[in-house]
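Numbered from 1 within each chain, the chains take letters A, B, ... in sequence-line order.
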Amino acid sequence: MSAQLNPSDPTQPSQADILAALASGSFRPKQPPQTVTYSELGPEASSSLVSSSSGSKRNAGRVYCFRQGCGSLIILPETGELVETDVPVLPEDPASPFPPTPATPSYWRVPTPFSFENIGYSRPDATTSIPPSSPGMDTAKGKVKWLICAECDLGPVGWSFEGGKESWVAVERVRYAKPVEGGEALVKEVQETQEV
Amino acid sequence: MASSSSHAGPAGAAGGPPPPNLKLLLIGNSSVGKSSLLLRFTDDDFLTEDETSATIGVDFKVKTLEVDGKRYKLSIWDTAGQERFRTLTSSYYRGAQGVILVYDVSSRSTFDELVKWFREIETYCGEGVVKMVEFSRQVTTDEGKAFADRMGTLFIECSAKTNVHVVEAFRELVQRILATPELWSRGPQPIRSPGDRKTVTVGEDEGGWGMGCSC
């Protein structure tokens, strides 16, 4: 760790390079995981991605960044609780890679910021208002904050509120560990994760 | 300062308790560009401007890091431009266990200003908080190291070309935090109770998650 740095040496990394390296490192998996989108599973999605074993509907497997090349792990199994609504909350941007928001969107409700494995929160956004019937609005005390991928900044994948603990992640703006036939792999994955 | 981390910190997650949470701050002169630590840092540059939400700015990120076989959740906070006012709000410092000080590659004065930041950190975080200095090319390695020694902090040399050091830098910071027991009693959460899920509550501190940028 003691390489001598010479200011005049053009081969030395820039400060931006150093910062970028400091912020990346092993936080992201070397090999992106095998994943599928919510819509790729079609009508199967609710049965293969949602676990009802714990009394509420929760994500059965791991949830990742929507960008396949990123692969950042967002939540572990059983972390998000499925909230089914008829409220499209997140802004749409045609330039984004996200699919259109369905008419009856569902969200993963995540109890605290530390329930995530990796996530980013924007600063409070004073310029955008979300529908009054959005999940969390009834108890919201502050402005909306958008969720973004902690590694590649893709977003918004969900929202939270200034001063609040809970967050909501749009099911169609994240990817899912590929379910294996019969669902055995998903069950196993839950068990493995609990041992971590 | 303790030098060994092998016996410090909470028990591992073997029984299923959630990983301990650590609050880290990024501090430095506003021109340093340290928000790039929180903002854009892809290897592949696969984002276009249109695709990012970066225009709003990042408040904080949660990242999970494995250190010595245990998982830790780091919340990494940027200064949200508040350093323009020279003094950060005390809520920003509250509960912080580690601070990463960054100074500018092209500005000698930002290095000299580190002393001021140290004073502020001592005031708000207390003396136990673990500090890590991120160096630049304008200040020689020896100079930066000497400064870090004088301040009793970690001095980290990171290279974009050797990511190993980068990861090690974060790991070392976490290890030093774990080796500093007083930090474990004043964290943002009661992380001394790894066996009891109920005590691990996040965000109930009014200065915690909701503070954001009020400027």
Side-chain angles (χ1 to χ4, degrees), chain A residues 1-7 9 12-28 67 69-70 73 93 95-97 112-125 127 141-143 145-146 148 150-156 160-165 194-196, chain B residues 13-14 16 18 21 32-34 36-44 46-48 50-54 56-65 71 73 75 80 102 104-106 134 136-138 140-141 156-161 163 165-170 189 202-204 209-210 212-213:
Chain A
M1 339 229 309
S2 59
Q4 290 297 309
L5 292 189
N6 180 348
D9 181 355
Q12 288 290 346
S14 70
Q15 171 102 3
D17 291 336
I18 292 172
L19 290 172
L22 182 61
S24 59
S26 70
F27 289 112
R28 179 189 287 166
R67 202 185 299 279
C70 176
L73 174 62
D93 182 346
S96 85
T112 79
F114 277 129
S115 305
F116 289 95
E117 296 305 292
N118 298 282
I119 197 70
Y121 285 79
S122 79
R123 290 176 192 153
D125 182 359
T127 65
K141 285 176 275 189
K143 303 183 199 88
K145 300 175 71 163
W146 306 112
I148 59 174
E151 299 300 329
C152 76
D153 283 355
L154 178 63
S160 182
F161 295 100
E162 192 179 10
K165 282 197 292 183
Q194 287 169 346
E195 289 164 10
V196 167
Chain B
N21 307 324
V32 166
K34 61 185 178 315
S36 61
L37 253 170
L38 279 177
L39 287 173
R40 184 84 63 85
F41 40 73
T42 63
D43 345 315
D44 310 313
F46 43 43
L47 286 188
T48 69
D50 291 345
E51 288 180 88
T52 74
S53 56
I56 301 170
V58 178
D59 196 9
F60 68 95
K61 286 185 172 177
V62 171
K63 292 196 173 196
T64 302
L65 182 68
R71 289 163 67 245
K73 292 199 177 177
S75 63
V102 188
D104 195 336
V105 62
S106 60
E134 182 64 26
S136 82
R137 288 177 292 159
Q138 288 291 302
T140 67
T141 298
I156 303 294
E157 294 178 69
C158 295
S159 164
K161 292 174 181 170
N163 269 359
H165 286 178
V166 169
V167 177
E168 288 313 306
F170 262 107
Q189 311 81 41
V202 183
E204 290 182 348
W209 297 107
C213 175

Legend entry - chain B contact via A/S160 - which portion, at a heavy-atom distance below 4.5 Å: neither
Legend entry - B/K61 side chain to A/E151 backbone, donor-acceptor under 3.5 Å: no
Legend entry - Closest non-hydrogen atom pair, A/N118 against B/T64: OD1-N, 3.1 Å
Inset, instruction - Taking all heavy atoms of B/K73 and all of A/F116, pick out the closest pair and write down the distance. - result: NZ-O, 2.9 Å
Legend entry - Spacing of B/D59 atom CG and A/I148 atom CD1 [to the nearest 0.5 Å]: 10.0 Å
Legend entry - Heavy-atom closest contact (A/F114 atom, B/V62 atom, distance): CD2-CG1, 4.0 Å
